[in-house]
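Both ligands and their constituent atoms are indexed starting at 1 by order of listing.
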Amino acid sequence: MSNVKIIADNLPNIPWQDKPENCVGPVWRYSENPIIGRNPLKGVARIFNSAVVPYQGEFIGVFRGEQTNGIPYLYLGHSKDAIHWNYEPDKISFVNEKGEPYMPRYAYDPRLIKVEDTYYIIWCTDFYGAALGIAKTTDFKKFVRLENPFLPFNRNGVLFPRKINNNFALLSRPSDSGHTPFGDVFLSESPDMVYWGKHRHVMAKGSQWWQSLKIGGGAAPIETSEGWLLFYHGVTGTCNGYVYSMGACILDIDNPSIVKHRCDTFILTPEEWYEERGFVANVVFPCAALTDAKTGRIAIYYGAADSYVGLAFTTVDEIVDYIKANEGTSEDDRNYGVM
Ligand code: BMA
């Protein structure tokens, strides 16, 4: 096995289980999945598609909570082990730069990413249809929401954990405002998180059937000695609806619109009851990953069947070797994505 380095902090308390002997794929599920069950807090029927970061020796999460009125919103949770969670009872309160209330009408699929000393939440918000919302916090008490950073329609905003060539960098998936039957991943740059431009195409839906309808960024890219390791979702259309699987690729470290390696196969697909059965069946939807640079361990958080949160594990060596052994990049993936 190769010796790939994760370029990030050590996280000795990362949740972890060793690979079971009977596991054939490069990613294995936590044996106690799902880690969050139904009706997790008052007024919230389901939590899924959620994001987790280490914070002050413990963990903090921003959760997609489907309220009992059916409208999704974001909730904060705290955990000592990143598996068992205590939720704050009220929705996250956003304010604008002047400190005035600035609440979205709905909010879903959050990503939570630390860049320098600030934590950014990026979610799907309502801006005359589905669009990206961005808010920042340094203390998880005050959440300042930035004025609409992107035009509609867009989803799956995923920020890189550091500036690249002095700019913030963000992946997104332009879409429609419904159940989008298309979609590629694009890269945008910003000097200040306010103004975004230099948009480039990163990768298209794949020729492989599991990702032949649309794709979207998942967890924040993980910096490694091989490039940016990205877990993403790929969707296929069946006669019984969409099926969401997890894929993986490696983006160039200085020019992340270039895909260096892209895995031909999914790395996780709905197989367990909590992935195949739920509010929306057959969904595996990664939104976050924790990493421990010292051991190379990676813990991936994914939404399951729009009903639960699942946890899965791999190591950086195992996943990079697997991606390379199942190389599936196209010429379009390998170029800069500029026209
Ligand atoms: C996508 C998003 C996700 C959801 C998925 C499957 O369009 O809305 O939140 O998990 O559909 O329903």
* Could you tell me the residue and atom name of the protein heavy atom closest to atom 10 (O) of ligand 1, and the distance to it rounded to 0.1 Å? => Asp306 OD1, 2.6 Å
* **Aromatic ring proximity, centroids under 6.0 angstrom, Tyr244 and His233** => yes
* Asked: Of Arg64, Glu66, His233, which has the heavy atom at the shortest distance from atom 9 (O) of ligand 1?
  -> Arg64
* Has ligand 1 got any nitrogen or oxygen that is less than 3.5 angstrom from a nitrogen or oxygen of Arg155? -> no
* Pick one of side chain, backbone, both or neither for how His179 approaches ligand 1, counting any non-hydrogen atom pair under 4.0 Å. => neither
* Asked: Under a 4.5 Å cut-off applied to non-hydrogen side-chain atoms, are Ser188 and Phe150 in contact?
  -> yes
* Is Glu100 close to Val95 at the side-chain level, that is, under 4.5 Å between some pair of heavy atoms? -> no
* Do Phe59 and Trp85 have ring centres separated by under 6.0 Å? -> no
* How far is atom 8 (O) of ligand 1 from its nearest protein heavy atom, and which residue and atom name does that atom have? -> Tyr108 CE1, 3.8 Å
* Identity and distance of the protein heavy atom lying nearest atom 2 (C) of ligand 1 -> Asp109 OD2, 3.5 Å
* Asked: With a 4.5 Å limit on heavy-atom distance, are the side chains of Gln211 and Tyr232 in contact?
  -> yes
* Asked: Taking only heavy atoms of Val280, which atoms of ligand 1 are found under 4.0 Å from at least one of them?
  -> 12 (O)
* Do Val309 and Ile14 sit in the same hydrophobic cluster, where Ile, Leu, Val, Met, Phe, Trp and Tyr count as joined when their side-chain heavy atoms come under 4.5 Å apart? -> yes
* Part of Tyr244 within contact of ligand 1 (heavy atoms, under 4.0 Å) -> side chain
* Under 4.0 Å, heavy atoms only, figure out whether ligand 1 is touched by the backbone of Thr180, its side chain, both or neither. => neither
* Does the pair Glu97/Arg145 count as a salt bridge with the N-to-O cut at 4.0 Å? -> no
